[in-house]
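Every number for a ligand or one of its atoms is a count from 1 in the order of the listing. On a predicted model such as this, the values are computed, not experimentally measured, just so you know.
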Amino acid sequence: MKITKICCIGAGYVGGPTMAVIAKKNPNIKVTIVDINEERIAAWNDKDVSKLPIYEPGLAEIVEETRGKNLFFSTDIDETIRESEMIFISVNTPTKTYGKGKGMAADLKYVELCARNIAEVATTDKIVVEKSTLPVRTAQAIKSILHNTGNDVKFEILSNPEFLAEGTAIQDLLNPDRVLIGGESEDAIESLANVYGSWVPQDRILRTNVWSSELSKLTANAFLAQRISSINAISELCEHTEANVNEVAKAIGMDSRIGPKFLNASIGFGGSCFQKDILNLVYIARSYGLNAVADYWEQVIILNDHQKRRFSDHLISTLYNTVSGKKIAMLGWAFKKDTNDTRESAAIYVADHLLNEQAHIAVYDPKVNSKKVQGDLNYLNTRSAEENNELVTSFDEPYETAKDAHAIAIMTEWDEFKTYDWQKIYDNMKKPAFIFDGRNILNKTEMETIGFEYSSIGK
Ligand code: NAD
Ligand code: UDX
């Protein structure tokens, strides 16, 4: 099928950047991103591209170049589905918070609503592409919904999981390691391969069956997260043995079978994907009675929770076993640098733990505002919104954030943190002044020369 119009349902962290790049590289295809969230669509249409709902380096420039030409953002979902030959489903698939599989399984209600919406309004044949991360065999359910519409419309279903990482989304999309397309119909697979083929070399476009494609996405995230939990486990051992986790990571990473990437010890991985996708993998394995497989992968999450917890425990014990009434300055709230996304950020859990000990928290993140910080804490439901508001204050620069603080906790590896006048920060803090570097980004000797009591992960 020749593709002239694409619809993407879901204008989020995946739908927005992915479609912007598809539009840029396919000027002859009209790409429309639709969403039920009117506020989000309005922000995508804001004339001032610094107000786009998502911060990603390079994204604003591409949106500016393509928007209104062949890239559109709209809330008219039905009409966009009707006019498009290819429809991407790129909606959220969070962990279920209710019913069977609560806390483990992926909640597929948004995906199912999309399938029903497509089935209801489509009047011509469509290729439906699963872009959301879905449990293996979901395409079966989508197929069943689409094929029971009672009209004559034919649907082909493809799985095309997205591998971009936030903060580097545009580079990842422009130069992907691979594009994965799973499907039954060769014709449909080639239609999608042609869309990517306008910039991705054909040998990097991998064709598989639908189930391999769905399962590969969960597996990729599980393997990546496993590396972080592995190095984090070693970081704790380093702290007891005077080994240095950075040196260990470098030494093992030079083995070409291991490789150097994803070996940065940290306060623990965050983000909307790793935990959700591993829990989903564990749930699927258990549902097939594969308990050894499920237990194996679950350990990655258990270790990650342990890492976040031991970071805050260490902070509390170092501050003479009490943080009650003390000001703790948190630098960084996003789950990693170069994004405004805070989903599952380790900062949220560390802050929550410190608040349970009656600490006062001051937050500064270059891209995260106070509303989001409060919203993240309120979502945990540990204490009232009023209490969170009273105990947690956001600042728009680092020096006021750290003023009179007993300790600084580095939560995100933002580059700008390395460029601060640390002497000035030290001078205005309570003494002794502590730094807990959850990202290993500051220089220990330099910090100790200034006078800080400095500690980091795995050293
Ligand atoms: P997101 O929450 O940022 O965006 C999802 C959007 O879908 C929201 O704006 C929501 O309003 C919209 N939506 C939900 N139901 C809808 C409906 N019925 N009709 C129209 N719009 C609807 O989510 P995201 O981070 O973009 O993730 C989307 C999917 O991609 C998930 O399955 C996720 O696991 C996967 N994924 C995410 C990343 C990432 O880095 N964030 C990377 C790879 C894969
Ligand atoms: C991840 C996958 O990398 C991506 O392929 C997938 O499509 C979505 O999920 P993302 O969560 O956006 O991407 O970012 P990623 O770079 O993987 O980082 C995830 C978390 O792990 C962050 O909190 C990051 O700080 C942490 N991390 C990463 C480490 O702690 N150490 C590392 O060595 C690498």
Side-chain angles (χ1 to χ4, degrees), residues 7-19 33-41 43-44 53-54 56 73-78 80-81 88-95 106-118 130-135 138 160-169 172-173 176-177 217-218 220-225 227-232 235 245 249 253 260-278 280 304 307-308 332 334-339 341-347 411-414 438-440 457:
C7 164
C8 172
I9 310 180
Y13 282 88
V14 167
T18 310
M19 292 303 130
I33 312 178
V34 294
D35 204 294
I36 37 172
N37 183 334
E38 289 177 10
E39 209 182 311
R40 211 166 207 188
I41 291 296
W44 278 112
I54 285 165
E56 271 295 337
F73 297 90
S74 165
T75 49
D76 192 348
I77 302 177
D78 292 358
T80 311
I81 291 174
F88 287 79
I89 300 179
S90 186
V91 298
N92 36 328
T93 50
T95 305
D107 192 343
L108 299 181
K109 71 178 170 200
Y110 306 105
V111 171
E112 181 171 338
L113 278 171
C114 291
R116 290 188 185 279
N117 200 345
I118 296 167
E130 299 176 348
K131 182 53 99 179
S132 298
T133 302
L134 296 169
T138 306
N160 172 224
E162 185 47 61
F163 294 101
L164 67 81
E166 290 178 29
T168 53
D172 295 343
L173 287 162
D177 288 344
K217 175 63 199 176
L218 294 183
N221 274 353
F223 269 61
L224 289 168
R227 279 175 76 92
I228 303 170
S229 279
S230 297
I231 199 70
N232 280 344
S235 76
V245 76
K261 293 182 183 166
F262 260 68
L263 288 177
N264 291 326
S266 68
I267 31 168
F269 57 77
S272 65
C273 292
F274 282 169
Q275 172 162 306
K276 157 177 89 72
D277 292 346
I278 295 177
N280 189 7
N304 197 50
Q307 189 77 353
K308 289 182 267 188
F335 80 97
K336 63 184 283 198
K337 73 171 180 178
D338 291 338
T339 178
D341 195 350
T342 63
R343 289 176 290 180
E344 292 300 328
S345 178
M411 308 307 291
T412 313
E413 70 280 23
W414 286 101
R439 296 292 187 165
N440 288 345
I457 302 278

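Under 4.0 angstrom from ligand 1, the non-hydrogen atoms of Ser132 come from both its backbone and its side chain. Within the 4.0 Å heavy-atom criterion, neither part of Lys276 lies near ligand 2. Using a 4.0 Å cut-off between heavy atoms, Cys273 contacts ligand 2 through its side chain alone, with no backbone atom that close. The residue Arg227 has no part lying near ligand 2, judged by heavy-atom distances below 4.0 Å. The residue Lys337 has no part lying near ligand 2, judged by heavy-atom distances below 4.0 Å. Within the 4.0 Å heavy-atom criterion, neither part of Ala169 lies near ligand 1. Contacts between Ile77 and ligand 1, counted as non-hydrogen atom pairs separated by less than 4.0 Å, involve the side chain only.
At the shortest separation from atom 19 (N) of ligand 1 among protein heavy atoms lies Ile9 CG2, 3.5 Å. Atom 14 (C) of ligand 1 has its closest protein heavy atom at Asn92 OD1, 3.3 Å. Closest to atom 41 (N) of ligand 1 among all protein heavy atoms lies Glu166 OE2, 2.7 Å. The shortest contact between atom 43 (C) of ligand 1 and any protein heavy atom is with Glu162 O, 3.2 Å. Of all protein heavy atoms, the one closest to atom 35 (C) of ligand 1 is Thr133 OG1, 3.4 Å. Protein heavy atom nearest atom 25 (O) of ligand 1, with residue, atom name and distance: Arg343 NH2, 2.8 Å. Nearest protein heavy-atom contact of atom 30 (O) of ligand 1 is Val14 CG2, 3.6 Å. Atom 29 (C) of ligand 1 has Val91 O, 3.3 Å as its closest protein atom, hydrogens excluded (heavy atom only).
The ligand atoms of ligand 2 that sit less than 4.0 angstrom from a heavy atom of Glu162 are 7 (O). Close approach of ligand 2 to Ser266 (heavy-atom distance below 4.0 Å) involves ligand atoms 29 (C), 30 (O). Of all the atoms in ligand 2, the ones that sit under 4.0 Å from a non-hydrogen atom of Leu263 are 33 (O). Under a 4.0 Å criterion applied to the non-hydrogen atoms of Lys217, ligand 2 contributes the atoms 6 (C), 7 (O).
Lys261 does not count as a contact of ligand 2, since none of its heavy atoms falls under 4.0 Å from the ligand.
Between atom 6 (C) of ligand 1 and the options Asp35, Asp172, Asn221, Thr339, the minimum heavy-atom separation is to Asp35. Nearest-heavy-atom check against atom 3 (O) of ligand 2 across Asn264, Leu224, Thr339, Val14 picks out Leu224. Selection from Arg40, Lys276, Glu130 by nearest heavy atom to atom 1 (P) of ligand 1 gives Arg40.
Considering backbone and side-chain atoms together, Leu164 places an N or O closer than 3.5 Å to an N or O of ligand 2. Geometrically, ligand 2 and Phe269 share no nitrogen or oxygen pair separated by less than 3.5 Å. Of the N or O atoms in Tyr13, one or more lie within a sub-3.5 Å distance of an N or O in ligand 1. Checked against a 3.5 angstrom limit, the closest N/O atoms of Lys217 and ligand 1 fall outside it. Distances between N or O atoms of Gly271 and those of ligand 2 include no value under 3.5 Å.
Here Arg343 contributes atom CZ and Gln275 contributes atom CD; the two are 13.0 Å apart, rounded to the nearest 0.5 Å. Distance check, rounded to the nearest 0.5 Å: CG of Asn264 to CD1 of Ile231 gives 8.5 Å. Taken to the nearest 0.5 Å, the CG atom of Asp172 stands 8.0 Å off from the CD atom of Glu162. Rounded to the nearest 0.5 Å, atoms CG (Asp341) and CD (Glu166) are 4.0 Å apart. Here the CD1 atom belonging to Ile228 is positioned 5.0 Å from the CZ atom belonging to Phe274, to the nearest 0.5 angstrom. To the nearest 0.5 angstrom, Leu218 atom CG is 7.0 Å from Thr133 atom OG1.
In summary, the side chains of Asp76 and Thr80 do not present any donor paired with an acceptor at a separation below 3.5 Å, with no hydrogens or angles considered.
Using a cut-off of 4.0 Å between Lys/Arg side-chain N and Asp/Glu carboxylate O, Lys217 and Glu130 are scored as not salt-bridged. With respect to Glu413 and Lys337, no salt bridge is recorded, no charged nitrogen being found less than 4.0 Å from a carboxylate O.
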